[in-house]
Amino acid sequence: MDEHQEHRPVFRFAPSPNGYLHLGHALSALLNDQAARACEGRLLLRIEDIDPSRSRAELIAAIFEDLAWLDLAWETPVRRQSQHLHLYREKLDELRRQSLVYPCFCTRGAIAHAVAAEDMAWPRDPDGAALYPGTCRELAPKEAARRIATGEPHAWRLRMTEASAVAGALAWREHATALPDSAWRTVPAEPQAWGDVVLGRRDAPASYHLAVVTDDAAQGVTQVVRGQDLSTATAIHRLLQHLLRLPEPTYHHHRLVLDADGRKLSKSIASTSLRELRAAGLSPGDIRRRVELTA
């Protein structure tokens, strides 16, 4: 890689192959593409297929097809999380060595029962989910090791209080647009609002939070352009970047595409996919107009 290549801004679009892309994905992909072209940057594509139960080969193929139809071009080879599981294990091991994570044997049902039994006004994270009640936080190390040795399913949670104390005050640079030279402001990071988040899952070596900061660092991403719904999660990412000594990208969290009921588009509510819109006769230009992009 020549010196010019090394100093170019690096953008990425990172969909999960657990459903077909919709207009919200189109907006994010197009914004990354436009910004990369405008500043002579690089555009990377990452397939976030760390969830083996939801990722399907035909959905990965559909991602490539939809993005090519939108006339997007990205560098190859395309990074797939499923091919880099050892990196996430290494990062989790590093946090274990710092005594900043602990095994959690609680099922979702057990957590929900514990929270309901305590108080209906239980504190919640920025996404509205009840904070983990800390059931396994003080489990004796020998007991935790015994249960792990027997093969009992478990996740790994971050000791948020201790981790936040190690990191101290954190913030990130939020740009007004996707362009790296646009106006920016400093946003204080408040990871404590998320409680003891899961970093290593039962069915995968990493959660979204651990995988995304590892991948961004490994790919040299300098500009993270993604939806506003992920803005508050940036606090967790800044904390992990600090703990793991990873480089800090800058951020732009763009507006969301909403449906007729004012809900953000989502695979979980079966929002109309790009392939359905294409089958209905819409053109790439129509898609740009629908997401209010004219260039």
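As the structure is a computational prediction, the values presented were derived from the model and not from experiment.
In this structure, R157 is not positioned above the aromatic face of Y102 in the sense of NZ or CZ being under 6.0 Å from the six-membered ring centre and within 45° of the axis. Relative to the six-membered ring of F105, R147 meets both conditions, a distance below 6.0 Å and an angle of at most 45° to the axis. At least one test fails for R238 against the ring of W172: distance under 6.0 Å to the centre or angle within 45° of the axis.
The hydrophobic cluster containing L274 also contains I60, counting ILVMFWY residues as joined when their side-chain heavy atoms lie under 4.5 angstrom apart, directly or transitively. Following chains of ILVMFWY side-chain contacts shorter than 4.5 Å, one can reach V291 starting from L31, so the two form part of one hydrophobic cluster. Linking ILVMFWY residues whenever their side-chain heavy atoms come closer than 4.5 Å, directly or via other members, leaves V213 and L85 in distinct clusters. Under the 4.5 Å side-chain heavy-atom criterion for grouping Ile, Leu, Val, Met, Phe, Trp and Tyr, I111 is connected to L131 within one hydrophobic cluster. Under the 4.5 Å side-chain heavy-atom criterion for ILVMFWY residues, a single connected hydrophobic cluster contains both I63 and L23.
Residues R255 and L27 are in side-chain contact: their nearest non-hydrogen atoms beyond the backbone lie under 4.5 Å apart. Side chains of R226 and R12 form a contact here, defined as non-hydrogen atoms less than 4.5 Å apart. The shortest side-chain heavy-atom distance between L170 and L239 falls under the 4.5 Å cut-off. A 4.5 Å side-chain heavy-atom check between E40 and P9 finds every atom pair outside the cut-off. Looking at heavy atoms from C-beta onward, D127 lies in side-chain contact with W194 at the 4.5 angstrom threshold. No side-chain heavy atom of Q34 sits less than 4.5 Å from a side-chain heavy atom of F11. Residues D33 and D71 fail the side-chain proximity criterion, which asks for heavy atoms closer than 4.5 Å. Looking at H253 and T234, their side chains come closer than 4.5 Å, going by heavy atoms from C-beta outward.
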Go through D93 and R97 one step at a time and tell me if the salt bridge (Lys or Arg N to Asp or Glu O under 4.0 Å) criterion holds. CA-CA 6 Å; D93 285 343; R97 289 193 292 271; 5.2 Å; no

Does E94 form a salt bridge (Lys or Arg N to Asp or Glu O under 4.0 Å) with R89? I'd like the steps, not just the answer. CA-CA 9 Å; E94 186 172 342; R89 294 190 184 97; over 6 Å; no

Trace of the side-chain contact (heavy atoms from CB on, under 4.5 Å) decision for T214 with L240: CA-CA 9 Å; T214 301; L240 292 175; over 6 Å; no

In sequence, state the C-alpha distance, the side-chain angles, and the governing distance for L282 and R290, and then conclude on side-chain contact (heavy atoms from CB on, under 4.5 Å). CA-CA 10 Å; L282 273 69; R290 285 209 175 191; 3.5 Å; yes

side-chain contact (heavy atoms from CB on, under 4.5 Å) between Y132 and C106, intermediate numbers included: CA-CA 10 Å; Y132 177 64; C106 301; 3.4 Å; yes

Determine, stepwise, if the pair Y88 / I50 fulfils side-chain contact (heavy atoms from CB on, under 4.5 Å). CA-CA 10 Å; Y88 313 131; I50 200 170; 3.8 Å; yes

Derivation of the salt bridge (Lys or Arg N to Asp or Glu O under 4.0 Å) call for R137 and E162: CA-CA 12 Å; R137 186 183 297 125; E162 292 85 345; over 6 Å; no

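One N or O on the side chain of T222 and one on the backbone of V10 form a donor-acceptor pair closer than 3.5 Å. N18 contributes no side-chain N or O that, together with a main-chain N or O of R54, makes up a donor-acceptor pair within less than 3.5 Å. A side-chain donor-acceptor contact under 3.5 Å links E276 to the backbone of S273. In terms of modelled atom types and a separation under 3.5 Å, the side chain of S182 and the main chain of L179 share a donor-acceptor contact. In this structure, S271 contributes its side chain and H22 its backbone to no donor-acceptor pair below 3.5 Å.
Closest approach of P103 to A144, counting heavy atoms only: CG-CB, 3.7 Å. For the pair M160 and G195, the tightest heavy-atom approach, listed with the atom from each and the gap, is CE-O, 3.1 Å. When all heavy atoms of A176 and H252 are compared, the pair lying nearest together is O-CE1, 3.2 Å. Taking all atoms of both residues into account, the shortest heavy-atom contact from Q223 to P180 is NE2-CB, 3.3 Å. Nearest approach of V101 to L158, heavy atoms of both residues: CG1-CA, 4.1 Å. A pairwise comparison of heavy atoms in Q241 and P249 identifies NE2-CD, 3.5 Å as the closest pair.
Side-chain contact check for T177 and H254: no donor-acceptor pair (N or O, by modelled atom type) lies under 3.5 Å. In this structure, a donor-acceptor pair under 3.5 Å is absent between the side chains of H154 and R202. Judged purely by distance below 3.5 Å, without hydrogens or angles, the side chains of R46 and Q81 never pair a donor atom with an acceptor atom. Side-chain contact annotation: Y20 with D66, donor-acceptor N/O pair under 3.5 Å absent.
R42 and E75 are joined by a salt bridge, as a carboxylate oxygen and a charged side-chain nitrogen come within less than 4.0 angstrom of each other.
Put simply, CG on D51 and OG on S16 are 8.5 Å apart, with the number rounded to the nearest 0.5 Å. Summarising the geometry, atom CZ belonging to R37 is positioned 12.0 Å from atom CG belonging to N32; distances are rounded to the nearest 0.5 Å. To the nearest 0.5 Å, atoms NE2 (H175) and CH2 (W184) are separated by 7.5 Å. Distance CG/L21 to CZ/R275: 9.5 Å, rounded to 0.5 Å. Taken from CZ in R201 to CG in L210, the straight-line distance is 11.5 Å, to the nearest 0.5 Å. Interatomic distance, CG of L92 versus CH2 of W156, reported as 7.0 Å (0.5 Å rounding).
Under the 30°/60° scheme for interplanar angles, the aromatic rings of H25 and F13 are found to stand perpendicular.
Residue E190 qualifies as open at atom CD: its count of foreign heavy atoms under 6.0 Å is 12 or below.
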